[in-house]
Amino acid sequence: MKNIVILISGRGSNMQSLLTTSLNGRIAAVISNKADAGGLAFANEHGIPTAVVSHRDHPDRASFDAALAQVIDGFQPDFVILAGFMRILTASFVTHYHGRLINIHPSLLPSYTGLNTHARALADGVKIHGCTVHFVTPDLDHGPIIIQAAVAVLPDDTEAGLSARVLQEEHRIFPQAIRWLCADQVALSSEGRVVSRIHTPPNLALISPALE
Ligand code: GRF
């Protein structure tokens, strides 16, 4: 069974979606860079070992990432999952976990990398928005894509409403992606491409607004 370490920084709802489903993997630990991350209590209640590696205890990114990697590697993970982990990681950290480091991002990448994705999508008037699970590469929010979910943007949408609907889809696609990885149905090739054994029906489409 694959060993999984999850990194969080906050409420941890994506981590909860991973802890409360069957992944065919073992969640070895939840690690946060913030001692007050809400998700830590949930992990503790579920008997998952937790650790805090505070970025504030380190003078620069390189030393924080080195300390973080040391704690992560103590759990011998097959996969390291970024579930709302709000630190930019150094290229050397990312390279150390090549093919094993997975992130969830609240937009249809490569659109809206970075922060405030829902507000930016609303400001642009896009009709379809969503979320992405991808392998992490040193190029922020640009790694090879495993799965995406699209939601319709409504005419009178608000940032809160749109973000809640996208989050609901995050909680569906993240466990699915990790399940595939644990079952060796998806992997990163040596050329840096996603190799997938998953069938996609050719007529799968979301049209927004809906056709009449
Ligand atoms: C999610 O929207 C995720 O896509 C982004 O940060 C948010 C974390 O939420 N990377 P949670 O902590 O999982 O509830």
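In listed order, ligands and their atoms are each counted from 1. All residue numbers refer to positions in the sequence shown, counting from 1.
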### Query
What about N103: any of its N or O atoms under 3.5 Å from an N or O on ligand 1?
no

### Charged N-O contact under 4.0 Å between D184 and K2
yes

### Message
Does atom CD (Q185) have a neighbourhood of more than 12 heavy atoms from anything else shown, all under 6.0 Å?
### Response
yes

### Task
Provide, to 0.1 Å, the distance between atom 5 (C) of ligand 1 and the closest protein heavy atom, together with that atom's residue and name.
P106 CD, 3.9 Å

### Query
Short question: side chain of T117, backbone of P106 - any donor-acceptor pair under 3.5 Å?
yes

### Query
Sub-3.5 Å donor-acceptor pair from the side chain of T132 to the main-chain atoms of S107, do we have one?
yes

### Message
Could you tell me, atom by atom, which parts of ligand 1 come under 4.0 Å of a heavy atom of G84?
### Response
6 (O), 8 (C), 10 (N)

### Query
Considering only heavy atoms, which of M86, R11, H105, E170 lies nearest to atom 1 (C) of ligand 1?
E170

### Query
What do you reckon, does G12 have a nitrogen or oxygen under 3.5 Å from a nitrogen or oxygen of ligand 1?
yes

### Message
Please report whether the ring centroid of H105 lies less than 6.0 Å from that of H134.
### Response
no

### Query
Judging by distance only, is a nitrogen or oxygen of I104 under 3.5 angstrom from one on ligand 1?
yes

